[in-house]
Amino acid sequence: MTMLARSRRRATALLVSAAMVGSAFLLTAAAQPSDGNGWQVGQPRLTTPWTDQVSPSNALPEYPRPQLARARWQNLNGVWQFAGASAGEAPPVGEDLAESILVPYPIESALSGIERHEDHMWYRRTFEVPASWQVGDGQRLRLHFGAVDHAATVWVNGAEVAEHSGGYTAFSVDVTDALAPSGPQEIVVGVEDRTDATWQPVGKQRNVPDRGIFYTGSSGIWQTVWMEPVPDRAYVADLDTATDVDTDTLALTVDSGGNASGLTVQAVVMDGDVQVATAEGAPGRPLDVQVPDAHLWSPDDPFLYGLEVTLRDGDQEVDRVGSYVGMREIGTVRGADGRLRITLNHEVLFLMSTLDQGFWPDGIYTAPTDEALRFDVAAAKRLGFNAIRKHIKVEPARWYHHADTLGMLVWQDMPSMRTGGIPPPDAQAEFERQLHEVVDQHDSWTSVIGWIPFNEGWGEWSREATGRIADSVAVQDPTRLVNAHSGVNCCASHGDSGRGDVIDWHAYTGPADPTPDDHRVAVDGEHGGFGLEVPGHMWFEDGHGYQMAQDGDELTRLYVENQRELIPIAQQRGISGAVYTQITDIEHEVNGFLTYDRRVEKMHVDQVRAVNDAVVRNANRPAVAPTTTDPGTTVPAGVHASGEGHDQAR
């Protein structure tokens with residue numbers, strides 16, 4: 001991985017070794033900040049069950065990259081020095097900063113201890129390199145940032161080592177040559193984040209939340225910072241994998257850093273402690289690994305093979321990483337009625353999804369703990385969903401790892417530019433660059449089955465460009481579906497480009513009922529949104545939904561009736577999936593299954609699960625002949641219009 005953007009990988013489904021990841025957790029202790037503490041938690045409007053578990057010694061200490069694990073690493077989360085800044089300031093190398101911040105919580109969050117926005121900011125801390133790592137004597141040191149919103153520049157001991165733009169993607173850099181021979185080493189990070197004052201991709205973040213569908217922004221470092229030693233000569237930099245369930249084949253390409261000339265790659269596939277397949281080849285070249293009688297991954301059976309990859313120089317081991325792989329297929333097939341439907345492992349499966357936006361009252365963009373991060377995925381599973389639409393946000397790597405291990409299919413949105421107006425050409429180009437970087441860094445997860453570049457026309461500049469972008473994502477990753485435009489019938493949409501694999505409508509309260517065409521499946525990309533206020537568990541004194549209920553009984557009844565409507569729509573109109581809004585309340589929106597603080601279940605879970613199961617079981621059964629209603633997807637605002645950005649029930 002380069003510090004700006006890795007070279008585009010060949011289209012794949014890349015994955016990591018559960019066994020080795022587990023051992024890495026056991027071998028790791030979080031690095032303690034070398035600067036003084038001074039951090040104090042802020043005052044969140046709401047706390048979650050995990051808020052009080054966060055401390056300087058417990059700031060997301062888990063191994064942050066479960067798809068490519070090494071045993072030696074050190075976490076740099078914890079208390080850093082902090083200061084607001086002005087544009088053009090020189091980096092405060094060797095200078096103490098006035099405030100303390102808990103990394104990696106965004107500065108607007110209570111958990112950060114700052115609890116305000118800054119357009120420009122400085123972070124500073126020191127660290128020491130363990131002598132046992134032998135950096136400079138056969139090993140080099142790589143510094144990793146999970147995500148920094150939005151533009152970051154990094155100095156080590158006063159030397160600029162990295163620049164990165166994009167608040168949703170990881171970057172890393174070799175800092176060996178900037179290190180002092182011994183003793184404390186200094187990191188300074190300068191960040192600029194103007195949020196929706198610019199055309200940068202921001203998703204639902206706003207400098208001024210609107211008490212509607214846009215929320216508090218998240219600036220600065222918001223994912224784990226960490227470091228690891230790698231061999232001086234060459235190291236495993238990335239793994240590209242694709243699985244073919246028809247031939248029981250894992251296609252693997254091992255990308256290397258350094259000089260891997262003359263080295264050999266050895267790949268071993270494991271079922272627990274049992275070796276089931278092995279292959280050898282050259283770094284940077286495709287390697288086919290036969291996995292006999294492959295055990296397929298699915299939401300009902302999320303089985304993952306361990307994958308160990310070694311770089312060798314003859315009999316000598318140069319580098320070793322752990323990974324994992326789930327053998328699965330995602331595609332489409334024509335049903336008995338001739339309409340295209342989505343398949344998983346060549347079997348038609350209705351994707352019963354919920355919308356998940358990934359906001360937290362205490363950490364905003366950053367879940368307070370890894371247990372909390374897993375909680376929302378597990379909650380969706382318990383409610384009977386087999387899929388999640390990750391809406392207008394990209395999560396830390398461990399979220400996708402939880403989806404892989406729990407068995408959840410994921411539609412991945414690209415975070416949009418701000419709404420209103422047409423972005424200028426330079427912003428258009430930057431959006432596309434960041435979109436491809438998101439795909440490149442997330443085409444490894446077994447759970448991710450589809451990409452969504454645009455939502456309801458937000459930041460869209462032309463129908464032709466949307467079609468071209470959908471085509472480019474399909475070329476980059478032909479192993480997944482591309483939904484060019486979720487909610488193409490709604491709002492600021494420029495209309496249906498006719499491209500991609502999916503026709504997607506939104507309807508509140510819905511459900512939406514598009515019809516497949518000759519080359520695209522149809523899905524309800526958003527519907528529902530029934531709301532319920534729960535005093536004592538709301539961000540504001542009141543809240544809104546697309547239709548309000550008086551109590552949990554009424555809310556559950558509305559949900560069940562609404563979901564039952566999906567069955568005839570699926571049978572008669574041929575939709576392949578639906579997305580209900582949403583898993584939790586967020587700020588003024590109170591249309592979640594759970595309150596924003598995750599403390600109250602607002603519906604009767606048994607009834608929710610029962611109707612969701614009924615939809616999945618019955619959606620693809622034969623029904624009466626389809627209706628002839630025009631799907632209406634070729635106009636900017638079709639027969640259904642989402643409430644997003646328009647009128648909303650209060």
Pair W50 + F375: ring centers closer than 6.0 Å:
yes
Please round to the nearest 0.5 Å and tell me the distance separating atom OH of Y235 and atom CG of D255.
11.0 Å
Just by distance, do the side chain of K393 and the backbone of G358 share a donor-acceptor pair under 3.5 Å?
yes
What about Y580 and F593, are their ring centers closer than 6.0 Å?
yes
Taking the ring centre of each residue, are W226 and F145 less than 6.0 Å apart?
no
Taking P292's backbone N and O only, do any of them form a donor-acceptor pair with D248's side chain (distance below 3.5 Å, no angle check)?
no
Is atom CZ of R374 surrounded by more than 12 heavy atoms (other residues, nucleotides or ligands) closer than 6.0 Å?
no
Do you know which two heavy atoms are closest between G326 and T446, and how far apart they sit?
N-OG1, 3.4 Å
Distance check, rounded to the nearest 0.5 Å: T249 atom OG1 versus M327 atom CE?
6.5 Å
Just by modelled atom types, is the H391 backbone N or O under 3.5 Å from a matching donor or acceptor in the Q412 side chain?
no
Quiz question: by atom type and distance under 3.5 Å, do the side chains of D246 and H346 form a donor-acceptor pair?
yes
Heavy-atom pair with the smallest gap, counting every atom of G167 and H150:
N-CD2, 3.5 Å
Any luck finding a side-chain donor-acceptor pair between Q185 and E128 under 3.5 Å?
no
Would you please classify the geometry between the Y123 ring and the W80 ring as parallel, tilted or perpendicular, with 30° and 60° separating the classes?
perpendicular
Test side-chain contact (heavy atoms from CB on, under 4.5 Å) applied to T169 and V438, step by step
CA-CA 6 Å; T169 49; V438 167; 3.8 Å; yes
R140/D174 ion pair, N-O < 4.0 Å
yes
Spell out, as yes or no, whether a donor-acceptor pair under 3.5 Å connects the side chain of D244 to the backbone of T247.
yes
Could you check whether any side-chain N or O of N618 sits under 3.5 Å from a backbone N or O of A614, counting only pairs where one atom can act as donor and the other as acceptor?
yes
On a heavy-atom basis, the closest approach of L179 and L141 is CD1-CD2, 3.9 Å
Is a side-chain N or O of R609 found less than 3.5 angstrom from the main chain of R382, in a donor-acceptor match?
yes
Would you call D413 and R389 a salt bridge, using N to O less than 4.0 angstrom?
yes
Are N386 and N612 close enough, and set up right, to give a side-chain contact (heavy atoms from CB on, under 4.5 Å), and what steps lead you there?
CA-CA 9 Å; N386 59 22; N612 286 347; over 6 Å; no
Do you see a donor-acceptor pair shorter than 3.5 Å between the side chains of D301 and H295?
yes
How long is the straight-line distance from OG of S109 back to CG of L102, given to the nearest 0.5 Å?
8.5 Å
Can you name the closest pair of heavy atoms from G407 and W297 and give their distance?
CA-CZ2, 3.7 Å
Which pair of heavy atoms, one from L349 and one from V616, lies closest together, and at what distance?
CD1-CG1, 4.1 Å
Side-chain donor-acceptor pair present, Q441, Y168, cut-off under 3.5 Å
no
Evaluate side-chain contact (heavy atoms from CB on, under 4.5 Å) for V289 paired with T278, printing each intermediate quantity in order.
CA-CA 7 Å; V289 187; T278 185; over 6 Å; no
Using atom types as modelled and distance alone, determine if a side-chain donor or acceptor of Y105 lies under 3.5 Å from a backbone N or O of P368.
yes
So, for A237 and L68, which heavy atoms are closest and what is the spacing to 0.1 Å?
O-CD1, 3.7 Å
Between T479 and D477, is there a side-chain donor-acceptor contact under 3.5 Å, judged purely by atom types and distance?
yes
Nearest-0.5 Å distance that lies between atom CG in L355 and atom OG in S353
9.5 Å
Got a salt bridge between R320 and E308, using NZ or NE/NH1/NH2 to carboxylate O under 4.0 Å?
yes
Any salt bridge linking E347 with R341? Criterion: basic side-chain nitrogen under 4.0 Å from a carboxylate oxygen.
no
Taking D319 first and then R233, would you say they form a salt bridge - that is, a charged N and a carboxylate O separated by under 4.0 Å?
no
Can you name the one residue among R72, H144, R142 that meets side-chain hydrogen bond (donor to acceptor under 3.5 Å, both in side chains) with E228?
H144
For D52, is the CG atom crowded, meaning more than 12 foreign heavy atoms sit under 6.0 Å from it?
no
Do we see a donor-acceptor contact under 3.5 Å between the side chains of T310 and E317?
no
Hey, are E329 and R480 close enough for a salt bridge, meaning a charged N less than 4.0 Å from a carboxylate O?
no
Measure the spacing between CD of E395 and OG1 of T366 and express it to the nearest 0.5 Å.
9.0 Å
Determine whether the side chains of D149 and S218 contain a donor N or O and an acceptor N or O closer than 3.5 Å.
no
Would Y365 and W222 count as a close aromatic pair, with their ring centres under 6.0 Å?
yes
Apply side-chain contact (heavy atoms from CB on, under 4.5 Å) to residues V377 and K381 and explain how you reach the verdict.
CA-CA 6 Å; V377 182; K381 188 84 173 180; 5.9 Å; no
Within 45° cone and under 6.0 Å: K390 NZ/CZ vs W399 ring:
yes
